[in-house]
Number of protein chains: 2
Amino acid sequence: MSDQAKFQKTADFLCCMDCIGFNLRKANRAVSQLYDEMLRPTGIRGTQYSLLVVLKIVGPVLVTELAEKIVMDRTTLSRNLEVMEKQGLVSVTPGEDRRTRKVMITEMGSAVLSDAYPLWQRAQAKIRESMGEERLQSLMADLSALIEISQVD
Amino acid sequence: MSDQAKFQKTADFLCCMDCIGFNLRKANRAVSQLYDEMLRPTGIRGTQYSLLVVLKIVGPVLVTELAEKIVMDRTTLSRNLEVMEKQGLVSVTPGEDRRTRKVMITEMGSAVLSDAYPLWQRAQAKIRESMGEERLQSLMADLSALIEISQVD
DNA sequence: CTTATAAAGGAGTATATACACATATTTTCA
DNA sequence: TGAAAATATGTGTATATACTCCTTTATAAG
């Protein structure tokens with residue numbers, strides 16, 4: 001190993017294939033495509049479906065509150081909501097505090113959500129049946145742990 | 001439950017919080033931010049780091065080949081490579097088959113990769129130490145299984 | 001050998017993501 | 001009370017992602 005430029009051999013990077021980020025992104029791409037494909041007849045994507053679900057459950061909520069709840073950058077959420085507002089799925093109104101904006105699901109959003117629910121179930125069931133309940137719970141716990149660890153910063 | 005519009009009660013959607021896609025995206029956001037933050041001094045992101053690693057290991061490769069290898073849409077990869085080519089990290093040259101384009105890491109790409117390696121290690125170690133080796137292996141296996149399941153379509 | 005089909009890739013469009021910076025309010029505190 | 005700090009949000013910019021449609025080139029069928 002006299003060549004300084006080759007101090008890092010190709011083989012040294014083999015361990016990088018076990019990168020958590022890389023493998024998480026990879027799985028995310030594949031899984032998101034599965035949900036998106038199932039939801040296609042409804043015109044919404046997986047991200048939008050999840051947002052509608054959260055809004056349905058928690059009710060009217062401020063943007064920053066919601067962003068923290070779903071571990072999403074505030075500005076990312078804003079941009080996503082912007083699209084959904086144009087589509088009539090959510091409404092954004094001024095909050096009591098004049099700095100804030102209150103987000104809620106619309107009637108139309110609720111209707112689309114109801115249509116999407118059985119399609120979402122199909123995607124969810126496909127994974128659940130292949131993985132098994134126990135393994136799925138373990139995976140969910142691991143994902144929560146990852147968030148915990150990554151956010152400590 | 002006489003109201004047809006409320007056939008789907010709010011509580012019915014509680015199970016949707018266990019959506020694999022939702023939780024995977026959430027974890028992906030958190031973890032990607034961790035790697036991106038660690039890699040910031042190098043000027044590249046986690047996605048670019050992983051691409052450089054793969055290119056370093058597999059050598060010159062066609063776009064579609066590479067896309068399949070890393071479970072990434074062909075057009076997504078193209079767009080990512082476009083940015084990296086402008087930055088001088090990779091080179092894209094015509095293949096023997098005149099339809100194809102051959103991608104490879106540049107000297108500069110290799111240099112940046114070597115600089116990034118210890119920073120990547122720090123991020124990887126942070127997660128590894130918190131999760132434990134055994135749990136990490138289980139997670140990796142689960143992510144592989146998810147890809148397997150989602151791609152069967 | 002010509003035509004039909006398949007394969008590889010590019011371009012247009014749209015959503016998803018997040019950082020840095022700027023603006024508008026509210027709250028705190030001297 | 002009035003200035004400073006904190007809070008909530010918007011904007012500009014850039015990467016990441018993927019679908020649809022299109023062009024170029026190679027291969028297969030007749």
Side-chain angles (χ1 to χ4, degrees), chain A residues 21-22 24-37 39-41 43-51 61-68 70-87 89 92-103 150-151 153, chain B residues 21-22 24-37 39-41 43-51 61-68 70-87 89 92-103 150-151 153:
Chain A
F22 177 53
L24 207 51
R25 274 194 304 276
K26 203 159 58 165
N28 187 40
R29 285 193 294 267
V31 170
S32 286
Q33 275 184 75
L34 172 64
Y35 283 92
D36 285 352
E37 186 179 333
L39 291 173
R40 190 151 309 147
I44 63 171
R45 314 266 301 267
T47 303
Q48 299 179 328
Y49 178 81
S50 296
L51 268 176
V61 65
L62 305 184
V63 175
T64 300
E65 262 177 7
L66 181 55
E68 276 165 13
I70 62 178
V71 192
M72 183 180 277
D73 185 89
R74 178 183 59 75
T75 66
T76 300
L77 177 58
S78 279
R79 295 275 151 86
N80 291 352
L81 289 174
E82 205 176 334
V83 172
M84 294 172 74
E85 194 183 13
K86 275 178 196 156
Q87 295 170 344
L89 300 171
V92 185
T93 55
E96 299 86 51
D97 182 333
R98 279 192 298 169
R99 291 170 299 183
T100 66
R101 309 229 297 152
K102 198 172 49 182
V103 187
S150 303
Q151 280 195 317
D153 311 331
Chain B
F22 176 53
L24 207 51
R25 272 194 305 276
K26 205 160 56 167
N28 187 41
R29 284 193 295 266
V31 170
S32 286
Q33 275 183 77
L34 172 64
Y35 283 92
D36 285 351
E37 186 180 333
L39 291 173
R40 191 153 308 149
I44 62 171
R45 315 265 300 267
T47 302
Q48 299 179 328
Y49 179 81
S50 296
L51 268 176
V61 64
L62 305 184
V63 175
T64 300
E65 261 177 6
L66 181 55
E68 276 165 12
I70 62 178
V71 191
M72 183 181 276
D73 184 272
R74 176 182 62 75
T75 66
T76 300
L77 177 58
S78 278
R79 294 278 150 85
N80 291 351
L81 289 174
E82 206 177 333
V83 171
M84 294 173 75
E85 194 184 13
K86 274 178 196 154
Q87 296 170 344
L89 301 171
V92 184
T93 55
E96 299 88 52
D97 182 332
R98 280 192 296 169
R99 289 171 301 183
T100 66
R101 309 230 297 153
K102 201 171 49 183
V103 187
S150 303
Q151 280 195 318
D153 312 330

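Values below: every heavy atom of this structure, side chains too, minus hydrogens, waters and symmetry copies.
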Is there a side-chain polar atom (N or O) of A:T64 under 4.0 Å from OP1 or OP2 of D:dA8? no
Output yes when at least one side-chain N/O atom of A:N80 is less than 4.0 Å from OP1 or OP2 of C:dT17, else no. yes
C:dA18 phosphate, OP1 or OP2: any side-chain N/O from A:T76 under 4.0 angstrom? yes
With a 3.5 Å cut-off and heavy atoms only, can you find an N or O donor on one side and an acceptor on the other between the side chain of A:R79 and the base of C:dA16? no
What's the closest nucleotide to the B:R74 side chain, out of C:dG10, D:dT17, C:dA18? C:dG10
Below 4.0 Å: OP1/OP2 of D:dG10 and any side-chain N or O of A:S78: yes
Answer yes or no: side-chain N or O of A:R99 and base N or O of D:dT7 forming a donor-acceptor pair under 3.5 Å. yes
5'-most by nearest nucleotide on DNA chain C - B:A30 or A:Q87: A:Q87
Which residues pass the side chain to side chain donor-acceptor pair (under 3.5 Å) test with A:T100, sequence neighbours left out? none
Would one find a side-chain N or O of A:Q33 under 4.0 angstrom from OP1 or OP2 of D:dA18? yes
Side chains of B:S32 and B:N28, donor plus acceptor under 3.5 Å: yes
A:L51 has an atom CG; how far is it from atom C1' of C:dT15, in whole Å? 12 Å
